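Keep in mind that the numbers below use all heavy atoms, side chains included, and drop hydrogens, waters and symmetry copies. Worth saying up front: this structure is predicted, and the values here are computed from it rather than measured.
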Amino acid sequence: MTQNAELKLVIEGPAEDIFKRKLGRFKNLNLETAIKDSDWVICGSSWQSDLECRAISICKSISKKVVTFLDHWINYKERFQVMGELLLPDEIWVGDEIAEKIAKNIFSSTPVNFVPNPYFTDIIWQLNNTLNLEKQKDEISVLYVCEPIREHALLQYGNESYWGYGEEDALMFFLNNIFVISKKIKIIKIRPHPSEDIEKYKWASEHSDLILFSDGNNSLIEEISEADIIVGCESMAMVVGLLAEKRVISCIPPGSRECGLPHSEIEHLQNMGVYNSEINNDI
């Protein structure tokens, strides 16, 4: 892709607000029109939207080159499944060596190419230009990053409990076992996924007086920079936490599927000693 290439954008869902914040005003085109007027197409992958699969399908029907950039490390095959069938692009790009190895193993008949991840480059630049506020040494803060796990499982497999846990289970497991992580934690800030309503997690305030909620005014980078520890299940935000050189912990409850993030630096709460695994089913 040349630097002076004309870009045509087709954006749906939570990504639209992100693009507006990054680019300001931009022209959001109809998918069919944008593909027709382009020489080739690059898209991401998503479980929440069928936009990318629609783009691949249209490109295949008119023999136009389409590339998918995989910017995560889990559920690779599921990202391309339509009605139980695989709908693959002409080429797959990945942004790191771990993803390259995983993708080449799964998609042996589709070209997989390593392309430096521009998102990570931008993240590192933002981290280097974000003010780190000084805090009391005896006070530790946690940023808890949420994911709509049940919704994902229901959409993909028709079963909210497919992976053995939901977002409420994971958060409660964390709250019940926070003392295993540190006895100096003074703040827990809960940051919902962009597709979630903050009200979804208000119940957590009844279980801890340390909880605050992200008001959405600060970016993910700012909130990660302010925190000492990043906790979640298998969110991309946890990988951003690693880039920021923070302590990162997965709180997937015991008895559920393992965290799909392959980064060895991530700690796992269920492996950190004695824990309370009770889940409040009244949530």
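When the side-chain hydrogen bond (donor to acceptor under 3.5 Å, both in side chains) test is applied to Trp73, the partners found at least two apart in sequence or on another chain are Asp96. Not counting sequence neighbours, Tyr162 has no partner by the side-chain hydrogen bond (donor to acceptor under 3.5 Å, both in side chains) test.
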Donor-acceptor pairs under 3.5 Å, side chain of residues 109-117 to any protein atom, not counting sequence neighbours: which ones?
unit_1 : atom_1 : unit_2 : atom_2 : d
Asn113 : ND2    : Glu91  : OE2    : 2.8
Asn117 : OD1    : Tyr119 : N      : 2.9

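Residues Gln81 and Gln156 form a side-chain contact, since some pair of their non-hydrogen atoms from C-beta on lies under 4.5 Å apart. Under the 4.5 Å side-chain criterion, counting only non-hydrogen atoms from C-beta, Ile74 is in contact with Arg257. With a 4.5 Å cut-off on side-chain heavy atoms, Phe69 and Val67 do not count as touching.
When hydrophobic clusters are built by joining Ile, Leu, Val, Met, Phe, Trp and Tyr residues whose side-chain heavy atoms come closer than 4.5 Å, directly or via intermediates, Ile140 is grouped together with Phe179. Linking Ile, Leu, Val, Met, Phe, Trp and Tyr whenever their side-chain heavy atoms come within less than 4.5 Å puts Ile198 and Ile188 in one cluster. Cluster annotation: Ile178 is connected to Val180 through the hydrophobic network of ILVMFWY side chains, with a link wherever side-chain heavy atoms come within less than 4.5 Å.
Atoms CG and CD1, on Leu154 and Ile149 in that order, are 13.5 Å from each other to the nearest 0.5 Å. Taking CG of Leu23 as the start and CD1 of Ile18 as the end, the distance is 11.0 Å to the nearest 0.5 Å.
Taking the six-membered ring where the residue is Trp, Trp163 and Tyr157 present perpendicular rings, their angle passing 60° and hence far from 30°. Ring geometry for Trp203 versus His207: interplanar angle over 60°, hence perpendicular rather than tilted (30 to 60°).
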Stepwise ring-ring contact (aromatic ring centres under 6.0 Å, His included) test for Tyr144 and Tyr201: CA-CA 11 Å; Tyr144 188 96; Tyr201 297 99; 7.6 Å; no
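Counting non-hydrogen atoms of neighbouring residues, nucleotides and ligands closer than 6.0 angstrom, the NZ atom of Lys60 exceeds 12 such neighbours.
Of all heavy-atom pairs spanning His72 and Ser235, the tightest one is NE2-C, 4.2 Å.
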